[in-house]
Each structure stands twice: as C-alpha cells, then as structure tokens.
Protein chains: 2
Amino acid sequence: MWVATRARRSEALSRERIVEASVAILDAAGEAGLTFKALTERLVTGPGAIYWHVANKDELLAAATDAVVAAALAVEPAGSSAQDQVRAVALGLFDAIDEHPWVAAQLSASSWQATAPRILESVGRRVGALGVPQRRWFTVTSVLVQYILGAAAQNAANGRTLAPDTDRGEFLDAVATTWEELDPDDYAFTRTIADQMREHDDREQFLAGIDLVLAGITAGEA
Amino acid sequence: MWVATRARRSEALSRERIVEASVAILDAAGEAGLTFKALTERLVTGPGAIYWHVANKDELLAAATDAVVAAALAVEPAGSSAQDQVRAVALGLFDAIDEHPWVAAQLSASSWQATAPRILESVGRRVGALGVPQRRWFTVTSVLVQYILGAAAQNAANGRTLAPDTDRGEFLDAVATTWEELDPDDYAFTRTIADQMREHDDREQFLAGIDLVLAGITAGEA
DNA sequence: ACCTGAACACCGTTCAAGT
DNA sequence: ACCTGAACACCGTTCAAGT
C-alpha cells in the first residue's frame, strides 16, 4: 500500500515520462491532439512542470520522433546478405512510420537534424557491405534514405487521410474511380494506372522501390 | 481617378486572390506565419470575408500547395529523350519545393490527394515513353514520385533549418564537424561520410538519385 | 531543484448584422 | 451574394509563488 501507492499514483516527472506520454497521445490523437492540456491531464500536473523538463513543444515533438526512430532501428535486422539487411532496415522504418504516422511530418521538419545520423548509420553500414566504393557512400546512402523516408511519409499520409473505420478496399476503389473520371485529355496516364492502384499493396510496392534502387546501385551507374 | 482607384484599392476578393496572398505569406514567413490576421491585413478585410470563399485553413494550405505544384508542372520540360524529360520534371518539382519549402510538409499531408494526379500524370507519361511495360507503370511511377518528393522534402527541411543569413558552407561544415565528433563505436559509418557531406551539392545529389532509379528501371529488375 | 496554476497574448472559427 | 468585425473557445508559454 505504501511504496506501491506512491509509485503507481505519480512516478516523479521526468523527460522520459513526458516523451512517453507524448508518443501515446500522438498515436491516439495525432499531431493536433498533442496539447499541453492533454499532456498535463495525462501526467496530472500543470504546464509549468512540463516546461521545467522541456524547452517547448517543438523540442517535445523532436524527442518523440527520435524515440520512435531509435526503437525501430534498435531491432537487429535478420537476413544474411547486405541486400536483405537493407530491405529489413528499410521495412523497419516503413512500419514504424506507418504505426506512428505523425513521425512522417516531423522527419521532414527541423527535428531531422538530430535523428539523421541514426538513420544514415544504420542504412550506410549495409551500403558499405554492398560493395559500393567508398567515394559513393554518401550519395548512395542519401538516396536510399530519401527514398525510404519519402515513401514512408506518403504512405503514412495516405493512412491518416482515412477515417479510422473505413475499409481499405473501398477507399482505394473510391480513389481509383476518381482517377478514372478525370479529363482524358489532361490525365490519360493516370486513368490508365487507376486499376493498378486499386489492387496494389503498399508494403510490396515499397519493397519494389527498394529493389529498384538496389538494382540501380548494382548496375553501377550514377 | 475613378475606376482606377477602385481597381487599385481593393480588387474584389476572390478565392484566387486569397490563395495568391497565402502563397506570398507562406514564402515570406513560413507555415507559422500564415494566420488569418496576416491574411486579413494583407487583403484589407475581416476573417469572415475569407471564410466566405474558403472552408478553413487546411483547405487554404491545400489550395496554395496545388497552385505551386501546378505552376511547376506547367513548364514544358526541355530534353528529347524520355530520361532527360524525367530529369527535367523531377528537377522542376525539386526547385519549386526548394523555393516554397512549406510545400514539402503539405505534400505529405492530406492535401496530397488533390495534387497527386497532377504529379503522377506528368512523371508517368515519361515512364511510358521510357519503354516500361504497362503492367509496371504504376509501381515504377510511384517509386519515382516518392523519391522525388521525399528528396525534395528533406532538402527543403534542411534549408528551413538554416537562419536566412547563414553561409551554406559554414553550415555544412558545422554539421560535418558534429558528425565527426559522434561516438566512433556507434557511428563509424556516419563519421566516414562526414567529409563527403561537407562538399556535396544538393541538386547534383538529387539528380544522382534520379539516375540511380532510372538505372534500376533500365536494368529491368523488380 | 522541482512543481503549481493563474495569467497573457494569440489563434482559428462563428455569426448576427450590414450592404 | 458578399462582406464586417466583435465574440468564443482554445492554445503555447510565462512567471510569481510555493515546497
């Protein structure tokens, strides 16, 4: 009753607990849901207590983003070949951003600078193992990371657009139908691929993109 | 004096003028700068007048984004080969987002849905011209678009981080130095490429990425 | 050192009233 | 049909006061 109660009721406030609560709120309610009111209610304090540990809301978002990325990269990727490991790291980030869609917006914001080395390092080591000559490491790794984050961001954005209860099949069908109804003169191509969009799988397509880039790297151009 | 004055003083309010003013404010002051106060001052009205033409702020941001993207894609890309045209379209978008960095955040937000067909169409036509078999059009085009937007978004984010008066060389040097001071055990790779980051050119690297993807497409994998 | 909570300036949005 | 501008609810941040 004594010690246990104290621990359960209100563990001392800390940066870690604040970031943890922020991630939970962001997951549940999105970026718009993360307010100091929501935070203080969840942590049972006043705003001043939070400002003691964190400079402002931007820093909070950056810290929450870094926490999610760090967790995603902490999983040691299975797969023996360097190619498989690149795919595993890429998919790990893709899934993490898919589960925490608000991360996408943050990664193309200023919090980027703190998290960049983590991602560069994890992808870059495998680029080295791929046999890419050292003078191309920076370029090749940057391209891979840009593709990974770009694709993951758009996937997350698509997911966010949906109301939580919508059927994915219905949604894709609705988008495809919209595309098919576009002006044939201006949108001939988009109309043609509408049907392929109807049946595509996001993760499969993401991996196809990784394979495309890997094929380009192996082809040894650029 | 009579008609001219009326025209100069306050051209009738319209959705178009509101979007135009929004783009100008976003360019000058970023996303945080676009407030209804700033808009009403610039357009010399009250907030109610703006709400008559536009549903809410989100719609305003989406419309501003679409205007910038449409303008970037309206330029007919020079270059004879399909490969050159892909590069030209890609670079057009890259530069547009570089000039209007706030577009980056919007393109991975929900406004995406309205602008997507424009970009798909423009890139996709050249993918067709590349000789890619039709069943792969959707995948290949999506990969290209994801890379283009992902890379452009990160480039824009990097630009935004800088104070407007900072020297680019100094900034890159500072980041590279930070990387070189990372823990050698955890960041062996990142330390190795720090020097390449110091001297890289963003546009060149972006095009190298396009070439990598194009090489992958030509290699015929995936 | 850490926390409280009232207070401040500001923001998006609404709406009754005007023309 | 289009515009005005006061009013509302809410938000991030500060700070004097407490322990």
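Note that the structure is predicted; figures quoted are calculated from it, not measured. Numbers restart at 1 for each chain; the letters A, B, ... are given by sequence-line order, proteins then strands. The figures here come from the full heavy-atom set of this structure, side chains too, leaving out hydrogens, waters and symmetry mates.
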**Length of the CG-P vector between A/Leu61 and D/dG12, whole Å** = 10 Å
**Value in whole Å for how far the P atom of D/dC10 lies from CD of A/Glu41** = 12 Å
**Message:** Nearest heavy atom decides the nucleotide; on that basis, is A/Ala49 or A/Leu34 closer to the 5' end of DNA chain D?
**Reply:** A/Leu34
**Item:** Nucleotide nearest A/Leu13 when distance is taken to its side chain, options C/dT13, C/dC3, D/dT13
**Value:** C/dC3
**Asked** In whole Å, what is the span from the CZ atom of A/Phe36 to the C1' atom of D/dA9?
**Response** 19 Å
**5'-most by nearest nucleotide on DNA chain C - A/Gly48 or B/Pro47** = A/Gly48
**Request:** Output, in order, the C-alpha distance, side-chain angles, deciding distance and verdict of salt bridge (Lys or Arg N to Asp or Glu O under 4.0 Å) for A/Arg15 and A/Glu59.
**Result:** CA-CA 11 Å; A/Arg15 204 185 140 92; A/Glu59 190 185 305; 2.6 Å; yes
**Request:** Can you tell me the distance, in whole Å, between the CG atom of B/Leu43 and the P atom of D/dG5?
**Result:** 14 Å
**Asked** side chain to side chain donor-acceptor pair (under 3.5 Å) with A/Thr190: which of B/Arg118, B/Glu121, B/Arg125?
**Response** B/Glu121
**Item:** B/Thr40 side chain to B/Lys37 backbone, donor-acceptor under 3.5 Å
**Value:** yes
**Prompt:** Does B/His53 put a side-chain nitrogen or oxygen below 4.0 Å from OP1 or OP2 of D/dC3?
**Reply:** yes
**Message:** Measuring from the side chain of B/Thr45 (C-beta onward, heavy atoms only), which nucleotide among D/dT13, C/dT13, D/dT4 has the closest atom?
**Reply:** D/dT4
**Asked** Rounding to a whole Å, what distance do you find between B/Glu31:CD and C/dC11:P?
**Response** 14 Å
**Message:** Could you tell me the Watson-Crick or G-U partner of C/dC15, where both distances fall under 3.5 Å? Say none if there is no partner.
**Reply:** D/dG5
**Prompt:** Considering heavy-atom distances to DNA chain D, does A/Ala55 or A/Lys37 have its closest nucleotide positioned more toward the 5' end?
**Reply:** A/Lys37
**Request:** Could you check how far CD1 of A/Ile50 sits from P of C/dT4, rounded to whole Å?
**Result:** 10 Å
**Prompt:** For the pair made of CG in B/Leu39 and P in C/dC11, what is the distance, rounded to whole Å?
**Reply:** 12 Å
**Asked** Nearest nucleotide by nearest heavy atom, which residue falls closer to the 5' end of DNA chain C, A/Gly46 or B/Ala32?
**Response** A/Gly46
**Request:** Check for a donor-acceptor pair, side chain of B/Arg191 on one end and backbone N or O of B/Leu182 on the other, with a separation under 3.5 Å.
**Result:** yes
**Item:** Test item: B/Leu214 and B/Arg87 side chains (from C-beta on) under 4.5 Å apart, heavy atoms
**Value:** yes
**Message:** Counting only side-chain heavy atoms from C-beta out, which of D/dG12, C/dT13, C/dA6 sits nearest to A/Lys57?
**Reply:** D/dG12
**Asked** Taking OP1 and OP2 of D/dC2, is either one under 4.0 Å from a side-chain nitrogen or oxygen of B/Trp52?
**Response** yes
**Fill in**
Applying the 3.5 Å cut-off to both distances, the Watson-Crick or G-U partner of D/dC10 turns out to be none
